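To start, the structure itself, in structure tokens.
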Amino acid sequence: MNTPKEQLIKKIILNKLIESCLSFDANIFKPYLQSEIVTTDAPDKKKFYWFLKKMLLTAKSNSIEPMSFKIEIPHWEDEENMKHYNLYDSVHQHSRLCIRVKETENQVYLETMPF
């Protein structure tokens with residue numbers, strides 16, 4: 001079972017991910033990505049960071065601020081405990097960026113959606 005310290009660490013990591021997305025600045029999240037409890041769908045964390053950075057730049061160029069952030073579980077998501085961290089702008093119906101996030105007892109798994 002998670003200790004309060006482990007829960008706090010996960011919460012800080014995820015809050016920094018949200019902050020990074022809302023400000024379109026992957027550098028904010030970079031130190032937290034290096035945590036041993038963070039895993040990604042990329043071959044390594046460097047590639048995940050590079051892709052996240054490019055996705056944030058693209059989202060910024062295709063968005064109309066102000067931005068909002070929602071944690072959602074789509075009805076079609078079939079993986080248990082998988083949440084979608086979605087970045088929305090003030091005009092478009094669909095999110096500008098989606099990161100799939102799964103928290104387990106000892107891990108935070110991150111997966112970028114390619115669309």
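Keep in mind it's a predicted model, so treat the numbers as computed, not measured. Throughout, numbering of the chain's residues begins at 1 and tracks the sequence.
- For the residue pair A26 and S20, the shortest heavy atom distance occurs at CA-OG, 3.3 Å.
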Output side-chain donor-acceptor pairs under 3.5 Å for residues 37-45, partner residues at least two apart or in another chain, one line each.
from: T39; atom 1: OG1; to: Q107; atom 2: NE2; distance (Å): 3.4
from: T40; atom 1: OG1; to: A42; atom 2: N; distance (Å): 3.2
from: D44; atom 1: OD1; to: K46; atom 2: N; distance (Å): 3.1
from: D44; atom 1: OD1; to: K47; atom 2: N; distance (Å): 2.7
from: K45; atom 1: NZ; to: L33; atom 2: O; distance (Å): 3.1
from: K45; atom 1: NZ; to: S35; atom 2: O; distance (Å): 2.6
from: K45; atom 1: NZ; to: V38; atom 2: O; distance (Å): 2.8

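- K53 places no side-chain N or O within 3.5 Å of a backbone atom of F48 that could act as its donor or acceptor partner.
- Contact check for E103 versus N81: no side-chain heavy atoms found under the 4.5 Å cut-off.
- Using a 4.5 Å heavy-atom cutoff, the side chains of L97 and N86 are not in contact.
- Linking ILVMFWY residues whenever their side-chain heavy atoms come closer than 4.5 Å, directly or via other members, places L8 and L17 in the same cluster.
- Using a 4.0 Å cut-off between a side-chain N of Lys or Arg and a carboxylate O of Asp or Glu, E79 and K102 qualify as a salt bridge.
- Applying the salt bridge (Lys or Arg N to Asp or Glu O under 4.0 Å) rule to K16 yields the partners E19; only residues at least two apart in sequence or on another chain are considered.
- Of all the heavy atoms in S23 and I28, the pair that sits closest is OG-CD1, 3.2 Å.
- Checked options L14, N15, I13, I9; the residue passing with K11 is N15 (criterion: side-chain contact (heavy atoms from CB on, under 4.5 Å)).
- Interatomic distance, C98 SG to E111 CD, rounded to the nearest 0.5 Å: 9.0 Å.
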_If you apply the rule side-chain contact (heavy atoms from CB on, under 4.5 Å), what do you find for L110 with F29, and how did you get there?_
CA-CA 12 Å; L110 306 173; F29 184 63; 3.6 Å; yes

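- Annotation for R96 and A59: closest pair O-CB, 3.9 Å, computed over non-hydrogen atoms.
- Counting all heavy atoms, side chain and backbone alike, N62 lies closest to H92 at O-CE1, 3.5 Å.
- A salt bridge is absent between E77 and K83; no separation between the charged side-chain nitrogens and carboxylate oxygens falls under 4.0 Å.
- Atom CG of residue L87 and atom CE of residue M55 lie 10.5 Å apart, to the nearest 0.5 angstrom.
- Of all heavy-atom pairs between L22 and S68, the closest is CD2-C, 4.0 Å.
- Under the 4.5 Å side-chain heavy-atom criterion for Ile, Leu, Val, Met, Phe, Trp and Tyr, L56 and Y88 are members of distinct hydrophobic clusters.
- Grouped by direct or indirect side-chain proximity (heavy atoms under 4.5 Å, Ile/Leu/Val/Met/Phe/Trp/Tyr only), Y109 sits with M82.
- Both L52 and I71 are members of a single hydrophobic cluster when ILVMFWY side chains are connected at heavy-atom separations under 4.5 Å.
- Residues W50 and L57 do not share a hydrophobic cluster, clusters being chains of Ile/Leu/Val/Met/Phe/Trp/Tyr side chains in contact below 4.5 Å.
- We find the NZ-CG distance between K10 and N106 to be 7.0 Å, quoted to the nearest 0.5 Å.
- Annotation for W76 and H84: closest pair CH2-CE1, 3.3 Å, computed over non-hydrogen atoms.
- With sequence neighbours excluded, no residue forms a salt bridge (Lys or Arg N to Asp or Glu O under 4.0 Å) with K54.
- In this structure the side chain of Y49 reaches within 4.5 angstrom of the side chain of N27, judged on heavy atoms.
- Judged as a side-chain contact (heavy atoms from CB on, under 4.5 Å), and not counting sequence neighbours, the contacts of S90 are I64, P66.
- Residue pairs satisfying the ring pair (Phe, Tyr, Trp, His ring centres under 6.0 Å) criterion with at least one member in residues 54-73, sequence neighbours excluded, are listed as follows: F69-Y85.
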